[in-house]
2 protein chains.
Amino acid sequence: MGTTKKEIFSKEQNELALQLKAIAHPARIAILQQIISANACICGDLVDELGLAQATISQHLKELKNAGIIQGTIEGVKVCYCIEPRAWKKLQNMLSNFLDGYKGPANCC
Amino acid sequence: MGTTKKEIFSKEQNELALQLKAIAHPARIAILQQIISANACICGDLVDELGLAQATISQHLKELKNAGIIQGTIEGVKVCYCIEPRAWKKLQNMLSNFLDGYKGPANCC
DNA sequence: ATTATTTATCGTAATATTGCGATATGGGCA
DNA sequence: TGCCCATATCGCAATATTACGATAAATAAT
């Protein structure tokens with residue numbers, strides 16, 4: 001117990017859930033917003049911007065990278081993170097499919 | 001430790017994260033899809049449809065209700081759950097604002 | 001009144017997440 | 001080479017999540 005029973009759900013359901021979980025944290029939302037707003041991609045400036053320890057930021061970046069949402073390229077000593085365009089677009093599509101499935105209130109409730 | 005440091009993030013970031021967390025589980029995605037596709041709202045048929053124990057389904061429904069995403073009305077012995085239209089719309093708006101902020105790849109990475 | 005049905009809640013075990021200090025790693029530079 | 005710098009990783013403690021059996025609560029049917 002304690003583990004999500006992913007065997008009983010569809011590939012699509014599991015995939016959407018994983019992507020959403022990667023994003024469903026205020027620190028990771030903040031990180032993504034920073035990466036987006038600094039239209040050039042930023043690196044460990046995140047540690048200064050957000051009020052979290054370096055180890056914590058690094059861990060959040062790792063999770064976003066594992067989910068495929070961002071990518072990092074080494075630039076000398078620093079690492080430059082930016083959005084992975086295809087994953088972002090795919091997430092947008094999956095979410096649209098899911099959210100737009102609801103066509104307003106039914107005649108109950 | 002172990003707790004998310006929500007004090008250091010904006011109200012918007014925390015709110016979006018909470019809504020996403022409520023949705024970021026394959027069982028809850030499946031539940032929402034069922035509620036949507038059965039355009040009349042269904043009740044404990046979810047227990048038959050999904051392969052999870054009744055207690056588990058009830059718990060997931062509670063989380064969705066706590067997040068304000070669904071609402072339940074008692075119908076005799078059964079309970080009828082359906083989407084809360086305003087919360088759904090708000091989530092769509094918050095997500096659009098967030099996701100549409102990204103305007104394609106920059107000239108780095 | 002008793003019984004069956006549906007849903008909620010409690011308690012618990014297994015596992016996952018969050019955050020951070022300490023420490024490693026892997027470049028740049030004197 | 002030896003020393004800084006930026007990141008990554010390890011290990012840990014606190015807390016949260018997931019799943020479920022057992023049980024409660026509330027109505028319906030007999």
Side-chain angles (χ1 to χ4, degrees), chain A residues 1-9 13-14 17-31 34-35 38 41-67 70-82 109, chain B residues 1-9 13-14 17-31 34-35 41-67 69-82 109:
Chain A
M1 277 164 246
T3 327
T4 296
K5 277 180 115 180
K6 53 187 167 66
E7 329 87 54
I8 65 175
F9 303 106
Q13 288 167 335
N14 283 313
L18 277 178
Q19 297 271 316
L20 287 176
K21 205 163 82 171
I23 289 185
H25 190 288
R28 294 195 287 272
I29 290 176
I31 286 173
Q34 278 286 331
I35 291 180
C41 27
I42 48 167
C43 346
D45 307 336
L46 291 163
V47 181
D48 302 325
E49 298 286 345
L50 307 176
L52 289 172
Q54 184 266 323
T56 308
I57 298 282
S58 191
Q59 199 176 301
H60 283 305
L61 285 168
K62 190 183 177 187
E63 280 176 70
L64 288 170
K65 216 165 70 177
N66 282 347
I70 63 174
Q71 67 190 143
T73 51
I74 299 169
E75 280 188 6
V77 185
K78 306 189 177 182
V79 177
C80 172
Y81 284 102
C82 56
C109 297
Chain B
M1 274 164 250
T3 326
T4 297
K5 277 180 114 180
K6 54 186 166 65
E7 329 86 55
I8 66 177
F9 303 107
Q13 288 167 335
N14 283 314
L18 277 179
Q19 297 271 317
L20 288 177
K21 206 163 81 172
I23 288 185
H25 190 287
R28 293 195 288 271
I29 290 176
I31 287 173
Q34 277 286 332
I35 290 180
C41 27
I42 47 168
C43 347
D45 307 337
L46 292 162
V47 180
D48 304 325
E49 298 287 345
L50 308 175
L52 289 172
Q54 183 267 323
T56 309
I57 299 283
S58 192
Q59 199 175 301
H60 282 305
L61 285 169
K62 189 182 177 187
E63 280 177 70
L64 288 170
K65 216 166 69 178
N66 282 345
I69 293 171
I70 63 174
Q71 66 189 143
T73 52
I74 300 170
E75 281 187 6
V77 183
K78 307 188 175 184
V79 177
C80 172
Y81 283 102
C82 57
C109 295

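Since the structure is predicted, the reported quantities are computational estimates derived from the model, not experimental observations.
Nucleotide C:dT17 holds its C1' atom 8 Å from the CD atom of A:Glu63, rounded to whole Å. Atoms CG (B:Leu61) and C1' (D:dA19) sit 14 Å apart, rounded to a whole Å. The interatomic distance linking A:Ile23 (CD1) with C:dT17 (P) rounds to 15 Å, in whole Å. Nucleotide D:dA8 holds its C1' atom 14 Å from the CD1 atom of A:Ile70, rounded to whole Å. Rounding to whole angstrom units, CG of residue B:Asn66 and P of D:dT18 are separated by 13 Å. In this entry the distance linking CD1 of B:Ile57 with C1' of D:dA19 reads 11 Å, nearest Å.
When every heavy atom of B:Ala22 is checked against every heavy atom of B:Ile69, the shortest pair comes out as CB-CD1, 3.9 Å.
Test B:Leu52, B:Ile42, B:Leu61 against B:Ile31 for side chain to side chain contact (heavy atoms under 4.5 Å, CB included) and you get one pass: B:Leu61.
More than 12 heavy atoms of other residues, nucleotides or ligands lie within 6.0 Å of CD1 in B:Ile8, so this atom counts as buried by the packing criterion.
Listed pair B:Lys21 / C:dT17 fails the phosphate criterion, with no side-chain N or O lying under 4.0 Å from OP1 or OP2. The shortest distance between the side-chain N/O atoms of A:Tyr81 and the OP1/OP2 oxygens of D:dA8 is below 4.0 Å.
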Item to check | Contact state string [nucleotides 19-30 of chain C, B base, S sugar-phosphate only, - no protein heavy atom under 4.0 Å] | outcome: BBBB---B-S--
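Listed for the A:Arg28 side chain is no donor-acceptor partner under 3.5 Å among the backbone atoms of B:Ala17.
Among residues two or more places apart in sequence or in another chain, the side-chain contact (heavy atoms from CB on, under 4.5 Å) test is passed with B:Lys65 by B:Ile70, B:Tyr81.
Aromatic ring pairs are classed by plane angle as parallel below 30°, tilted from 30° to 60° and perpendicular above 60°; the pair A:His60 and A:His25 is tilted.
Sequence order on DNA chain C of the closest nucleotides to A:Arg28 and B:Lys62 puts B:Lys62 first from the 5' end.
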